[in-house]
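Below: one structure, written as structure tokens.
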Protein chains: 2
Amino acid sequence: MDASRSEGTSRRRYEDACAVAHGLDLVGERWALLVMRELMFGPRRFSDLRAALPGISANVLAQRLAGLEETGVLHRRRLPPPASAQVYELTEWGYEIEPVLRALGRWAARSPGHDPSLPISTVSLLLSLRTMFSGDHAAGLSARIALRLGAERYACGIAGGRITVAADPGDAADLVLEAAPAIIAALIYGGQPAEALEEAGLLNVEGDRALLARFVTLFPLPPKAG
Amino acid sequence: MDASRSEGTSRRRYEDACAVAHGLDLVGERWALLVMRELMFGPRRFSDLRAALPGISANVLAQRLAGLEETGVLHRRRLPPPASAQVYELTEWGYEIEPVLRALGRWAARSPGHDPSLPISTVSLLLSLRTMFSGDHAAGLSARIALRLGAERYACGIAGGRITVAADPGDAADLVLEAAPAIIAALIYGGQPAEALEEAGLLNVEGDRALLARFVTLFPLPPKAG
DNA sequence: CTGTATCCGTGTTGATACTG
DNA sequence: CAGTATCAACACGGATACAG
């Protein structure tokens with residue numbers, strides 16, 4: 001019927017003026033939103049993305065990146081020598097997908113079928129902190145928590161009932177947590193006691209332990225549906 | 001060929017503890033979110049959904065409805081006689097998908113590729129009113145606008161910088177607009193002057209025309225990206 | 001080592017036709 | 001009206017081979 005497939009551009013679209021439908025045209029394909037999730041804390045290389053997305057295949061990842069670049073959601077950039085590697089970075093508009101990720105994550109957290117024991121990426125954990133943080137629970141608290149997740153270092157600042165989460169190599173922190181993302185998740189969302197995780201050698205704590213006790217209460221999960 | 005479809009167990013899932021990924025497991029399949037969109041203003045029948053979703057085929061719609069029912073997002077209900085028809089209705093949890101639809105719609109409205117000239121459903125238009133309404137622009141305004149979209153009647157209440165949109169057969173309104181959804185969209189978002197639409201016989205206005213002039217300014221679109 | 005391209009088996013999607 | 005059956009086209013994911 002149509003010969004418009006010339007350059008593999010036959011993206012299947014909803015023919016619908018609704019902005020939601022158009023949004024799905026842009027980021028509704030399998031993996032697309034998860035690729036964007038992995039870019040929320042800054043540019044990443046192809047292989048970083050592949051490693052963080054269990055199950056994606058190289059060709060699908062390449063397709064998604066090309067598609068998202070074409071629609072202006074991200075762009076590819078070549079790092080200056082000597083680190084002449086290519087990275088993918090969200091555009092300003094691309095970063096604004098965060099409210100969608102938060103709303104979807106918050107909604108899905110109520111699902112009876114949610115299995116928190118599956119693997120979790122660093123970015124997912126950090127994003128979940130932004131999503132689930134409760135300003136009410138943090139009333140009167142002002143603190144800085146360093147997170148050492150594998151090789152990467154992030155910092156989490158809490159003040160005035162708000163939270164910031166960002167990459168940060170600095171060392172000035174009231175509390176330092178060192179563990180795999182899944183362990184931090186078990187600590188905060190799974191109610192695992194820090195002592196048990198430390199004894200098992202899965203978690204390393206430095207600094208203010210009273211702050212740790214408070215910190216793990218700042219991210220309440222919504223009640224399950226059904 | 002395979003007998004595994006009877007219990008729908010072959011759903012392709014992201015093996016990822018991230019709530020966003022789980023959300024995509026639930027509503028990330030093609031058409032799923034648009035089916036939910038069409039149910040946002042109350043139960044609908046199979047054929048209503050099919051008519052409102054241009055391009056969906058009967059088997060895919062049936063599959064989506066079955067899948068969404070299985071995950072607890074909607075349930076099917078048989079209307080009491082004599083109207084013994086079957087309808088699909090979101091669960092309480094299902095209705096809570098609205099923030100996701102709003103965030104995605106708001107984000108996609110900034111897309112340079114958004115084509116507002118495509119067909120638009122009644123529900124899409126109503127949802128867009130909730131999404132794009134600006135309390136600032138409505139400061140000091142209190143009014144009731146009746147919308148007659150084809151055979152269906154909805155009412156839009158504005159007070160205290162907030163908007164409500166719901167089905168309503170009532171007639172008490174300061175302003176009555178009667179037109180196809182695409183025409184209302186052209187009026188509000190496309191900047192089409194009401195007079196031209198009336199002269200073309202596409203729009204019928206009753207009531208407070210000064211209110212109409214104000215009403216169409218209450219839903220500012222975000223600036224385009226790129 | 002990083003990123004891309006090409007094959008191929010399989011499952012999903014979508015149009016038409018058909019049944020209760 | 002409310003779906004099912006059938007089938008063709010496509011998308012996905014794995015493996016492998018290729019290019020800078």
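Numbers restart at 1 for each chain; the letters A, B, ... are given by sequence-line order, proteins then strands. Note that the structure is a prediction, hence the values are computed from the model and not measured.
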Are [X] and [Y] linked by a side-chain donor-acceptor pair shorter than 3.5 Å?
X: Ser124(B); Y: Ser121(B); value: yes
X: Thr91(A); Y: His75(A); value: no
X: Thr122(A); Y: Tyr154(A); value: no

Rounded distance (Å) that lies between atom [atom2] of [N] and atom [atom1] of [X]:
X: Leu49(A); N: dC1(C); atom1: CG; atom2: C1'; result: 16 Å
X: Phe46(A); N: dG3(C); atom1: CZ; atom2: C1'; result: 6 Å
X: Leu61(A); N: dT2(C); atom1: CG; atom2: P; result: 14 Å
X: Gln63(B); N: dA15(C); atom1: CD; atom2: P; result: 14 Å
X: Arg45(A); N: dT4(C); atom1: CZ; atom2: P; result: 13 Å
X: Leu34(B); N: dG14(C); atom1: CG; atom2: C1'; result: 15 Å
X: Arg44(B); N: dC1(D); atom1: CZ; atom2: P; result: 15 Å
X: Leu65(B); N: dG3(D); atom1: CG; atom2: C1'; result: 10 Å

Under 4.0 Å: is that the gap between some side-chain N or O of [X] and OP1 or OP2 of [N]?
X: Ser47(A); N: dC1(C); answer: no
X: Gln86(B); N: dG3(D); answer: yes
X: Arg64(B); N: dT13(C); answer: yes

Each nucleotide N or O in nucleotides 13-17 of chain D that has a protein N or O under 3.5 Å away: list the pair and distance.
residue	atom	partner	partner atom	Å
dG13(D)	OP1	Arg30(A)	NE	2.4
dG13(D)	OP1	Arg30(A)	NH2	2.9
dG13(D)	OP1	Trp31(A)	NE1	3.2
dG13(D)	OP2	Trp31(A)	NE1	2.5
dG14(D)	OP2	Gly55(A)	O	3.2
dG14(D)	O6	Asn59(A)	ND2	2.7

task: Step by step, work out the side chain to side chain contact (heavy atoms under 4.5 Å, CB included) result for Glu98(A) and Arg130(A).
output: CA-CA 10 Å; Glu98(A) 183 168 347; Arg130(A) 281 191 188 158; 2.9 Å; yes
- prompt: Can you check whether Tyr88(A) reaches Leu68(A) side chain to side chain, under 4.5 Å on heavy atoms?
  reply: no
task: Please say which of Val123(A), Leu34(A), Leu90(A), Asp48(A) ends up in a side-chain contact (heavy atoms from CB on, under 4.5 Å) with Leu39(A).
output: Leu90(A)
query: Among Asn204(A), Val205(A), Leu147(A), which one satisfies side-chain contact (heavy atoms from CB on, under 4.5 Å) with Glu178(A)?
result: Asn204(A)
